[in-house]
Every structure is written in structure tokens, then in C-alpha cells.
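If you read the sequence from its start, that first residue is 1, and numbering goes on from there. Every number for a ligand or one of its atoms is a count from 1 in the order of the listing. What you see is a predicted model; the values in this text were computed from it and never measured.
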Amino acid sequence: MTKKIGVLTSGGDSSGMNAAVRAVVRTGIYHDCKMYAIQKGFEGLIHNNIYELDVGSVGGIIGHGGTFIQTARSAAFMTKEGRQLAYDNFKKHGLDALVVIGGDGSFHGLHEFIKEFGIQGIGLPGTIDNDLFGTEFTIGFDTALNTAVDCIDKLRDTATSHSRLFIVEVMGRHSGYIAAYSGIATGAENVFIPETPDDFVKLCSNLRKGQARGKKSAIIIVAEGDENGGGMEVEKKIKEILPDWDIRLSIIGHIQRGGRPSAIDRIVASRLGYESILALLKGQTGIMVGYQGLDCDVSFVPLQETWEKRKQIHKEWLDITQVLSI
Ligand code: F6P
């Protein structure tokens, strides 16, 4: 019997979600499934915003940022009543399975939905934060990282021209991946992330040393979820220790979420979308399909583990940033 599979994107959008939807839809159709878009994440299930997609409906989108089936953070789906409405519509359309592209909040929702109604469901990691256990890359991380690097390079130009210290806030509510990796890639002087404590005294002493040897600028990258608060709080604290320095704050913000997906994000999205259908056809459920590297390895991780086991940023990345910017 033909399998009917719904696909939705949920939570914050990330570049490469369109490529993932395309891969899910085309692989499904290739294997004789009927494929359905659910508009605006779980909200679309609740409000019965569900429609069939054909091969052509996902044409020309692999290089587009955002998500053409839209996304939402659904408060209603976090309630039992909301999930019941969603299930009623799921059944009304005769759906057999669901592919959810999103982050840990979306996976929580899918996990509950599977537990309550026994539906078949698979998650694909779609978030710029790269904070899901069991996958080396999340779809959208590489593009967001490259955007942050591009912005920070530009800030370095103006910082050097004026002999300034720039505090740059990047995204990451609970996660320092964009901060840690952009720190290395831009030669930042230091990086503050939620996962590790900040040492302001050491930072400022290193900044002074750098100035004494003739450095013309400094960049401190702060993840928005840093335990000291975001860039604004960090700026205040540094100003207290270095009152004579010329300091500016730049918050990069949602620019990191948009734009044409990088080649890596398109490749990761295509691979994972393809694998999600094969996994569904083999009867798998309640898992995330994760990416383990360009050599084509994928992982199948129980949804709960993706948020219960914490993905750790290697301390070496932060050490490298400091050592290489002496
Ligand atoms: O999707 C992840 C993320 O971009 C976080 O890095 C950030 O804290 C959050 O979403 C912002 O969410 P919103 O778009 O709802 O402001």
C-alpha cells in the first residue's frame, strides 16, 4: 500500500531546510510514497493546513534560504488538546508518517506525539545552533557560521582602522557553537560561550598585552546565551576594567538565520532527507537521522538522546582561539 508521509519544518528556520524538504519529498516519491507538506510546523497539523506535493513543487528551491513551507514555534502543540487536534487532522489525511525538520523543541513535540498516538515519526536536525547530540552538523549551522564570519571580518576592518575593541554578539541561546567556531575562523581575541565560565581579568590582561605589542584591534565574540548575559552585559563588564578603551558593540542577530545555504548545508540536508525516507520505509520511528561527516556516515539516534545527552564543545577550540591570537 502507498505510504503517505507528511513533512514539516519547525522552530527557528535555518538555511538548508528547503534542500531537506526537497530531498524528503523527492526520495519519497521515488519510492512510490505520497508526500504532503504541513504548513508552518505543528501549527499546520492543528489547523489542517496540509497539502500534497509533487516532484515539481520542490523544484528550484535547493539554493534558497528560509523554508517555503514555513515554520512556527507552536505553543498549542505543547498541550494535549493541541496534539489531539493535530492527530485528528493527521488521520483525516490518511497520513502514515511524519518527518520533522527542526531543533530540540521540535523533537520534544514529535516525541510526545509518537508516544501518545503511536504514529511513525523521524526527526532531521535543522537549527543554526548545532546543539543536538548525535549529529556533527545540524542543517543551517554552516551557513550561519559563514555569515557570522563574514560580518566579523568586516567589523575587524573598521576596528583596526579606529584602534577599537569590538564585542560581537552572535546567536546561540544555549549553545556556543557559532561563537566558538567563528572565533577561530576570524582570529578573535576571545570567545564567551554559555558552556564555560568567563574570565574577565585574564581577558583584559591579554588585551593589554596585545595592545602593548602593537595590536591595532581586538574582537571578543559573545554567544547571546552566555552566562554573563549577551554582548551588552559583557561590554559593561569590560568597560569597567578598561575604561580608557574605545569599545563598540555589534549584535549580528537574525541575519545569521537567512541567506543562500552553503554547499555543506545543501549536502547535509540532501543526505539526511534521503536517509529519513529510507529509515521510514524500514519501519524506523522515534529517531533523529544525524550527520557524521562528509564521508557519508549517518547516525540514527533516539529522539530523547538528542536533548538529554549534551553535545560538548571541545575545550581545545577555545584554547586555540586564545593561543593563536596572542
Ligand atoms: O533557532 C535558533 C535560534 O536562532 C537561537 O540561536 C536564537 O536564540 C533563537 O533561535 C531566536 O529565536 P527567535 O527567532 O524566535 O527570536
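- In this structure, atom 4 (O) of ligand 1 lies nearest to the protein heavy atom Arg257 NH1, 2.9 Å.
- Residues Arg164 and Thr158 bring no donor and acceptor atom of their side chains to less than 3.5 Å of each other.
- Counting the atoms of ligand 1 from 1 in the order shown, those under 4.0 Å from a heavy atom of Gly12 are 1 (O).
- Here is the list of ligand 1 atoms found below 4.0 Å of a heavy atom in Ile128: 4 (O).
- For ligand 1, the polar-atom distance check against Thr127 finds no nitrogen or oxygen pair separated by under 3.5 Å.
- Under 4.0 Å from ligand 1, not a single heavy atom of Gln256 appears.
- Every atom of ligand 1 is numbered from 1 in the order shown, and the set under 4.0 Å from a heavy atom of Gly172 is 6 (O).
- At under 3.5 Å, a nitrogen or oxygen of Glu224, whether backbone or side chain, sits near a nitrogen or oxygen of ligand 1.
- Ring-centre distance between Phe77 and Phe113: below the 6.0 Å cut-off.
- Atom 12 (O) of ligand 1 has its closest protein heavy atom at Arg73 NH2, 2.8 Å.
- Between Phe137 and Phe141, the angle of the ring planes lies from 30° to 60°, which puts this pair in the tilted group.
- Using modelled atom types and a 3.5 Å distance limit, the side chains of Asp13 and Thr67 yield no donor-acceptor pair.
- In this structure, Lys311 satisfies the cation-pi test against Tyr177, with its NZ or CZ atom closer than 6.0 Å to the six-membered ring centre and inside 45 degrees of the ring normal.
- There is no side-chain donor-acceptor pair under 3.5 Å between Thr147 and Gln256.
- The nearest heavy-atom contact from the protein to atom 16 (O) of ligand 1 is His254 NE2, 3.3 Å.
- In terms of protein heavy atoms, atom 2 (C) of ligand 1 is closest to Asp129 OD2, 3.4 Å.
- Checked against the 6.0 Å centroid threshold, Trp307 and His111 count as a close aromatic pair.
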